[in-house]
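Written out below as structure tokens is the structure these notes cover.
Hydrogens, waters and symmetry mates play no part in the numbers below; they use all other heavy atoms, side chains included. Note that the structure is predicted; figures quoted are calculated from it, not measured. Just so it is clear: chains get the letters A, B, ... in the order the sequence lines come, proteins before strands, and each one is counted from 1.
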Protein chains: 2
Amino acid sequence: MYSSELIKGTLKTIVLKLLAENKRMYGYEITQKVKDLTGNKIQITEGALYPTLHSLEADGILITETEYIGKRVRKYYSLSKEGHNKSKEKVNEFTDFMNTMKFLLEIKPA
Amino acid sequence: MYSSELIKGTLKTIVLKLLAENKRMYGYEITQKVKDLTGNKIQITEGALYPTLHSLEADGILITETEYIGKRVRKYYSLSKEGHNKSKEKVNEFTDFMNTMKFLLEIKPA
DNA sequence: TTTAATACATAAGATTCAGATGTATTCAGT
DNA sequence: ACTGAATACATCTGAATCTTATGTATTAAA
């Protein structure tokens, strides 16, 4: 587990990228996927995820479909057309940011 | 300029790394150095920097010396022995985090 | 001489996340 | 048949961190 500050600011990027790769996912599935893929290093809490999903939906980035699995509600999230662009934007921005940080953290004394 | 969320959580790491490379620096110098090294992509605001410096000092990570340049006060910050360890820790953690993110953002559909 | 740059700093507000709590269903073990 | 863990949604309080605005004062440049 990383110190919590680091994760900040990357949640949206992670969510958008996962949805770009997986067509549609539900909230709980996202938390588990991230946990699995990172070997428990990154754990998205539900208290952080759901507000983020809702705000992305409100912004027209995400579309939802509700389905019933037995009696249990399941809410699938997928990218809108806008969402696909946003996803690429965010991943590109983060990639750029990583390169900048890499440079910054490897500088040797002048 | 990156969307402000991305920078969050990296300020301490940046400051500690710069001080590890430069022995001692003053606040304004740090803002300018980061601006220069990143081609204006990362701009540390003073409202963010000074509280961070003060809290690192309170934690014994940083040591300060005040000097007068003419009549103007200049406050130099440098790493304590603890600070050197903390600096390495933070940089290592961020490096690890970047690798995790890189993996996460490049995954292809299963 | 007055504007921009240097240099410190604080304070109010916004954002964003973690942790706690809540509801309800379903599955596995006993 | 029962109990606890896992699944699945969600909200809310509080903590942490940053941005914007503001303030003081000195010095260099136009």
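Taking the six-membered ring for Trp and thresholds of 30 and 60 degrees, His54(B) and Tyr77(B) have ring planes inclined between 30 and 60 degrees apart.
Taking 4.0 angstrom as the limit, Arg74(B) places a side-chain polar atom (N or O) nearer than this to OP1 or OP2 of dA7(C). When the side-chain nitrogen and oxygen atoms of Thr45(A) are compared with OP1 and OP2 of dC17(C), none of them lie within a distance under 4.0 Å.
Between Tyr26(B) atom OH and dC8(C) atom P there is a gap of 7 Å when expressed in whole angstrom units. Rounding to whole angstrom units, CD of residue Glu29(B) and P of dA7(C) are separated by 8 Å. The NE2-P distance, from His54(A) to dC9(D), rounds to 9 Å in whole Å. In this entry the distance linking CG of Leu6(B) with P of dT15(C) reads 16 Å, nearest Å. To the nearest angstrom, P of dT7(D) lies 10 Å from CG of Asp36(A). In this structure, Leu53(A) atom CG and dT16(C) atom C1' are separated by 14 Å, rounded to whole Å.
For the atom pair Ile61(B) CD1 and Lys86(B) NZ, the distance stands at 5.5 Å (nearest 0.5 Å).
Residues Phe103(B) and Ile44(A) are members of one and the same hydrophobic cluster, defined by side-chain heavy-atom contacts under 4.5 angstrom among Ile, Leu, Val, Met, Phe, Trp and Tyr.
Taking for each of Gly70(A) and Ala48(B) the nucleotide of DNA chain C with the nearest heavy atom, the 5'-most of the two is the partner of Ala48(B).
For Lys33(A) and Glu21(A), the salt-bridge test fails: no basic side-chain N is under 4.0 Å from an acidic carboxylate O.
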